[in-house]
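Predicted model, so just to flag it, every value in this text is computed and none were measured.
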Amino acid sequence: MAAALINVPAKARRGDVIEIRTLTSHIMETGFRRTAAGDLVPRDIITSFTCRYNGTEIFRADLYPAIAANPYLSFFTVAKESGRFDFEWIGDNGYSSTTSASITVE
């Protein structure tokens, strides 16, 4: 299971635009490389990322083989209410990783 670093402000004022940053550790093997013996290295990438704010999807990204290893994503949302952000990465070979972060909105 890969590790993920999440940066969500701990507090915000209602209506503030906040930045959310994520970085996950994953090799993102494209499936185009060959080993020294000439065999193809199997594709192993994260194919989608989703962020939900109190259960409502606020951001989604589809990822492809051209994405670098250890994908970094940054996006913005409006702080509406205190609650939780849930992050989910889905990929090849049954890969799945989730984490969450909380925010207090004043």
hydrophobic_cluster_shared for I90 and F87, side chain cutoff 4.5 Å: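 Result: no, two separate clusters.
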Atom pair [atom1]/[atom2] of [X] and [Y] - distance to nearest 0.5 Å:
| X | Y | atom1 | atom2 | value |
| --- | --- | --- | --- | --- |
| R84 | R52 | CZ | CZ | 11.0 Å |
| D86 | S100 | CG | OG | 5.5 Å |
| K80 | I58 | NZ | CD1 | 9.0 Å |
| T22 | I6 | OG1 | CD1 | 5.0 Å |
| N70 | I46 | CG | CD1 | 8.5 Å |

Given T77 and F59, is the side-chain contact (heavy atoms from CB on, under 4.5 Å) satisfied, shown in steps? CA-CA 9 Å; T77 193; F59 184 82; over 6 Å; no
Could you pull out all residues at least two apart from [X] that satisfy side-chain contact (heavy atoms from CB on, under 4.5 Å)?
| X | value |
| --- | --- |
| I45 | M28, R43, T47, P65, D92 |
| D62 | S48, Y64 |
| A37 | T35, D39 |

Identify the heavy atoms of A69 and I27 that sit nearest to each other, and give their distance.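 Smallest heavy-atom distance, with atoms named: CB-O, 3.4 Å.
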Work out which heavy atom in I103 is nearest to a heavy atom in A12; give both atom names and the distance.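 The answer is CD1-CB, 4.0 Å.
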Short side-chain to backbone donor-acceptor contact, S82 and V105, under 3.5 Å: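 Answer holds: yes.
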Side-chain donor or acceptor of N7 paired with backbone N/O of R21 under 3.5 Å: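 Not confirmed, N7 side chain does not pair with R21 backbone.
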R60: what forms a salt bridge (Lys or Arg N to Asp or Glu O under 4.0 Å) with it, not counting sequence neighbours?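 If we apply the salt bridge (Lys or Arg N to Asp or Glu O under 4.0 Å) test to R60, skipping adjacent residues, the hits are E57.
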For R33, check salt bridge (Lys or Arg N to Asp or Glu O under 4.0 Å) against everything at least two apart and list the hits.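 Counting only residues at least two positions away or on another chain, R33 forms a salt bridge (Lys or Arg N to Asp or Glu O under 4.0 Å) with E29.
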Report the residues that fulfil side chain to side chain donor-acceptor pair (under 3.5 Å) with S74, sequence neighbours left out, ordered by chain and then residue number.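 Testing S74 for side chain to side chain donor-acceptor pair (under 3.5 Å), a comparison that skips the adjacent residues, returns E19.
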Residue list, side chain to side chain donor-acceptor pair (under 3.5 Å) with E81, at least two apart or on another chain: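 E81 satisfies side chain to side chain donor-acceptor pair (under 3.5 Å) with N54 only.
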If the test is side-chain contact (heavy atoms from CB on, under 4.5 Å), which one of T50, T98, T24 qualifies with W89?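 Of T50, T98, T24, side-chain contact (heavy atoms from CB on, under 4.5 Å) with W89 is met by T24 alone.
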Give every residue pair that meets the salt bridge (Lys or Arg N to Asp or Glu O under 4.0 Å) criterion with at least one member in residues 63-77, sequence neighbours excluded.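 Non-adjacent pairs meeting salt bridge (Lys or Arg N to Asp or Glu O under 4.0 Å): zero.
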Pairs involving residues 94-105, ordered by first then second residue, that meet salt bridge (Lys or Arg N to Asp or Glu O under 4.0 Å) (sequence neighbours left out):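 Counting only pairs at least two positions apart or across chains, no salt bridge (Lys or Arg N to Asp or Glu O under 4.0 Å) contact touches residues 94-105.
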Apply the hydrophobic cluster definition, ILVMFWY joined by side-chain contacts under 4.5 Å directly or through others, and give me every member besides L23.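 In the cluster with L23 are L5, Y72.
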Quick one: name the residues clustered hydrophobically with V17, using the 4.5 Å side-chain heavy-atom rule over I, L, V, M, F, W, Y, and just say none if it's on its own.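 Members other than V17 - counting any ILVMFWY side chain reachable under 4.5 Å - are F76, V78.
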Pairing of R14 and D16 as salt bridge, 4.0 angstrom limit: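 Judged by the 4.0 Å cut-off on N to carboxylate O distance, R14 and D16 do not form a salt bridge.
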Results of ring pair (Phe, Tyr, Trp, His ring centres under 6.0 Å) for Y53 - residues two or more places apart only: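 Applying ring pair (Phe, Tyr, Trp, His ring centres under 6.0 Å) to Y53 gives F85.
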